[in-house]
Structure formats: structure tokens, C-alpha cells
Asks: 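Got a structure for you, questions after.
Heavy-atom basis, side chains included; hydrogens, waters and symmetry copies ignored.
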Amino acid sequence: MVALARSSDPPVTTQTLADHDHAMAAPPPPPELNDDVIPEILLRLPPDEPASLFRPSLACKPWRRVLSDPAFLRRYRSFHRAPPLLGFFDGNKSPDFCPVAAASPFSMPAFDCILQYVLDCRHGRVLFQLTEDLLVWDPITGRREDVPEQELDILLENAVVLCAAAGCDHRDCHGGPFLVVGVGLATDDDDDMHDSSVQASVYSSQVGAWQPSVYLQLEVDFDAQYPWDRLILRSSGAVVGDEVYFLLSPDAGNKILKYNLGRHCLSTIDLPANVDCWGVALMPAGDGLLGLASSTWDSSLYLWSRLKMLNAEGVAGWVQLRVIEMRAVLPVTITDCKVRVIGYAEGVNVVFVGTCVGTFTINLESGLARKVSPTVYGPVLPFMSFYTPDYACRKLPLPVETN
């Protein structure tokens, strides 16, 4: 049946149809972004997810030019201040990189040598222990440099690598000079097994050699359960100003070994009372002081700092800053399970803890915790660095053609 138009209905005209089509048309496109606005938007992209920078660099050539401009990248690093945490290495297993970002910014390349384990990650570099030598690797640039360990006259047990460029803020110290501070063991000439000396030496990439070692005599209990060749624990060292710190095993009295770069001397300091060195991560505490995070079997996380003032005996002690109940902040329920501190990421203020249900990070500023890998009881070596498109430009496809 065909419906008849009522006399009261307005006549359908060409103008009426045009108005209807105009009302149904898509809204006009938004105005183009001002060229001055684009860098401000890109500046605020999070550095801990490198993919968030790479995707815009693939969108068009103008955006890639911004993201590869040295002036913008200096501003980007200054705006975000500390290099982000990209992942970590397991210090007890083969040196595989475990990313914490959604997409790993790099993968382990094929090395023409045997990598035994990772000793340290610092200032954008990774320090590997090889069969006979050491290797310093920059994962961002791919640069590698051998460090001859056979020229070192000590049995190397641990080491740190650090930037040696004067005035560097360590946000972008790729390719510059570096130092390796190595510590190890040596026995006395009289072979008295109840006396042992720890020794330290520094390798300079600018000189290409180790300096003469300095030693410190320790009283060591070799009848304890730990063998003598693990007197210096293979946990991550800490660098605070001109001082480098390493953990010693209970054989040496539950102490921290301190090496002063400027004075080229060794000394020890005691851990806080009732703190087990196997659940400790050394860290800077601010104001040029050493700090540490320790854990107990009741799953409490204790944060400590050295005191500036000396006590009546002329010794600087420790002060407890905070106590965190880890079971309360972890995003999973943990009952009969050990929770242990296994590492610390400097700059981002993140503690790594190992549990029977996985490895977690706890941000000490926000209190947020997240699972980052299966179970690792440590130690872990966190890797922090900016990874921007200027370093990955040869690995990225060309952006789409545009103006």
C-alpha cells in the first residue's frame, strides 16, 4: 500500500534533501597540531616503555625528526631526570636479559666468548665475567670492550662498572670512558688460613690498565658454613660519591667492604644489628650516605641509612627509616613462602623481592608492586637507560611518506 502525503506535510524539495545530507555528513576534521605543540606532547611520553617513542617515530618523518633531534633528546632526558628501569639480569644464572617493559627494547646478541655471569649494571653498561677476562657491553649502542682480568693479581670475586666522564649526569653516558672497580681475595705469605686479605684495584678504559692493588686484612672464620672463595658476595655493589661498597659474607663478621676511589683505600663497616647479609640490597640513601634494604623471614622490608654523626666510640651507626610489610603491598596472596630482597634499582627507587610465586618490584615512593618475572631468589642486576629512536634508527623501518 502506498502512503499518501497529508496536506499538512511540507513538500519535499531539493533544498530539504540537501539540508538532510548536510546534517548526516561527518563532522569536520580537527585542526592540525601546531608545530610547537608536537614536541611538548612527545616530551611527555613515558621513557619506561620505549615502544611509546618508537611508534610516533614511524608515523611520519616530521615526528621522527623531532624524536631524533639532539636538542629535543637532551630536553627529554632532563625532563624525565632518572633513566628508566628497562629490565634486569639474574646474577646466579646465564646472563639472559629479563625486560620489565611490555616490549623488550633489545635482545641479547651472540657473543664470541663464554659469558659466565653478570657482575654489575650501571650507567648504561653491563659488566660480564668471562672465562679469563671481563667484558663491558653497552646494550643500547652495542659497543663492547674487553677488560683483561689476567693482568689483575687478585682472585676477582666482584666488581662494579661506572662512568668516568667528568661532570656527566649519567643520563646519556654511552661511549665515554669508564672505570671497573674489582675486589677479590688473597692469602698471606705465611698461609695462615685464619687471616685473609681482600684486595681492590681499578681499571681505567682511558689508560687501558689496572692500577696497583690495595689490600685490607680481615679476620675470617673459615670453619663457618660458607667456603672461603665466597667471602665477597656476588650481589650488586653500590656507588655513593667516591665510595664503592660490597657485601661480605658472615665469615667476615657480617660486614660491608668499602673502597674509596679518591684515597685508594679499603675499610669495613658493620651491618645493622640482626641484619642477615643474604637478604640485603645496598643503595644510596641521600645526602651522600649509604643505605640498604633488608628483609626478614616474617616478610618485613626494612630501609636503613648511615648516620652522619658519630657515636661515643667515634663510629657512624645506622638509623631505621621505614618498615614495609611486603605481604600487604604485593598483588598476590603469599602464605608459607619466603620473601627476600634481591636487588635495588638506583634512580627509580625500586626494590626487587623474590618469592615462591614470582619476582616483584616495589616502588618505594608510590608503594606500588608488580610482578616482573618468575621466581628469582637473586641477586638481580637492574639495567637502567634511556632508549630513544636516535640509538635505534638503524633498526627501525622508514616512516610513512608525509610532508
Asks: Check whether S197 reaches the backbone of Q217 with its side chain - one donor and one acceptor, N or O, closer than 3.5 Å.
Replies: no
Asks: Is the backbone of V275 close enough, under 3.5 Å, to the side chain of N254 for a donor and an acceptor to pair up by distance?
Replies: yes
Asks: Kindly say whether P46 contributes a backbone atom to a donor-acceptor pair with the side chain of S52 at under 3.5 angstrom?
Replies: yes
Asks: Rounded to the nearest 0.5 Å, what's the gap from CZ on R234 to CG on L247? Could you check?
Replies: 14.0 Å
Asks: For residues L45 and H80, report the shortest heavy-atom separation together with the two atoms involved.
Replies: O-NE2, 3.3 Å
Asks: Backbone N or O of R75 within a donor-acceptor pair of the S78 side chain at under 3.5 Å?
Replies: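 No: the side chain of S78 does not pair with the backbone of R75.
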Asks: Taking side chain as C-beta onward, heavy atoms only, is V240 less than 4.5 Å from L289?
Replies: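 No; the side chains remain at least 4.5 Å from each other.
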Asks: Closest heavy-atom contact between G367 and V329?
Replies: O-CB, 4.0 Å
Asks: Could you tell me whether Y259 and F246 have their ring centroids closer than 6.0 angstrom?
Replies: no
Asks: L292 versus Y245: any side-chain heavy-atom pair under 4.5 Å?
Replies: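 Of all side-chain heavy-atom pairs linking Y245 with L292, none is under 4.5 Å.
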Asks: Out of W304, Y302, W278, which one pairs with S294 under the side chain to side chain donor-acceptor pair (under 3.5 Å) rule?
Replies: W304
Asks: Just to verify, which of I362, L381, T361 counts as forming a side chain to side chain contact (heavy atoms under 4.5 Å, CB included) with F352?
Replies: T361
Asks: Of all heavy-atom pairs between V180 and A159, which one has the smallest distance, and what is that distance?
Replies: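 For V180 versus A159, the nearest heavy atoms are CG1-CB, 4.1 Å.
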Asks: Output yes when a side-chain donor or acceptor of S201 lies under 3.5 Å from a complementary backbone atom of Q211, and no otherwise.
Replies: yes
Asks: Does the side chain of I256 come within less than 4.5 Å of L271's, by heavy atoms?
Replies: yes
Asks: Between R263 and E243, is the closest basic N to carboxylate O distance under 4.0 Å?
Replies: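 A salt bridge is absent here (no side-chain N lies under 4.0 Å from a carboxylate O).
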Asks: Of all the heavy-atom pairs spanning M326 and L301, show the shortest one and how long it is.
Replies: CG-CB, 3.7 Å
Asks: Is it the case that more than 12 heavy atoms not belonging to E132 sit under 6.0 Å from its CD atom?
Replies: no
Asks: Please find the pair of heavy atoms, one from V160 and one from V244, that lie closest to each other, and give the distance.
Replies: CG2-CG1, 3.6 Å
Asks: What's the separation between atom CG in D169 and atom NE2 in H123, rounded to the nearest 0.5 Å?
Replies: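 NE2 of H123 is found 10.0 Å from CG of D169.
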Asks: Under the rule for ring-ring contact (aromatic ring centres under 6.0 Å, His included), what residues qualify as partners of Y344, not counting sequence neighbours?
Replies: none
Asks: Can you confirm if the NZ or CZ of R125 lies within 45° of the ring axis of F178 and under 6.0 Å from the centre of its six-membered ring?
Replies: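 Not flagged: R125 not positioned over aromatic ring of F178.
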Asks: Find out whether L233 and C277 are in side-chain contact, i.e. whether some heavy atom of one side chain is under 4.5 Å from a heavy atom of the other.
Replies: yes
Asks: Establish, for the pair R306 and W318, whether the NZ or CZ atom is under 6.0 angstrom from the six-membered ring centre and no further than 45 degrees off its axis.
Replies: yes
Asks: Do V353 and L330 have side chains that get closer than 4.5 Å, going by heavy atoms?
Replies: yes
Asks: How far does CD of Q116 sit from CG of L130, to the nearest 0.5 angstrom?
Replies: 7.5 Å
Asks: If you define the side chain from C-beta out and look only at heavy atoms, does anything of R44 sit under 4.5 Å from F79?
Replies: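 Touching, per the 4.5 Å side-chain cut-off.
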Asks: Mark yes or no for whether R122, through its side chain, and G237, through its backbone, hold a donor-acceptor pair below 3.5 Å.
Replies: yes
Asks: Between F386 and I140, is there a side-chain heavy-atom distance shorter than 4.5 Å?
Replies: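 In short, these two side chains do not touch, never coming nearer than 4.5 Å.
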Asks: So how far is it from Y387 OH to H174 NE2, rounded to the nearest 0.5 Å?
Replies: 10.0 Å
Asks: Drop me the distance from L119's CG to L135's CG, to the nearest 0.5 angstrom.
Replies: 11.0 Å
Asks: With side chains defined as the heavy atoms from C-beta onward, is the minimum distance between R64 and L58 less than 4.5 Å?
Replies: yes
Asks: Stepwise, does the ring-ring contact (aromatic ring centres under 6.0 Å, His included) test hold for F383 with F88?
Replies: CA-CA 5 Å; F383 178 78; F88 65 91; over 10 Å; no
Asks: Given 3.5 Å as the limit, does a donor-acceptor pair link the side chain of T359 with the main chain of P374, or not?
Replies: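 Side chain of T359 to backbone of P374, a donor-acceptor pair under 3.5 Å: yes, one is there.
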Asks: For D90 and P379, which heavy atoms make the closest approach, and how far apart are they?
Replies: OD1-O, 3.7 Å
Asks: If I take atom CD1 from residue I232 and atom CG from residue N158, how far apart are they, to the nearest 0.5 angstrom?
Replies: 7.0 Å
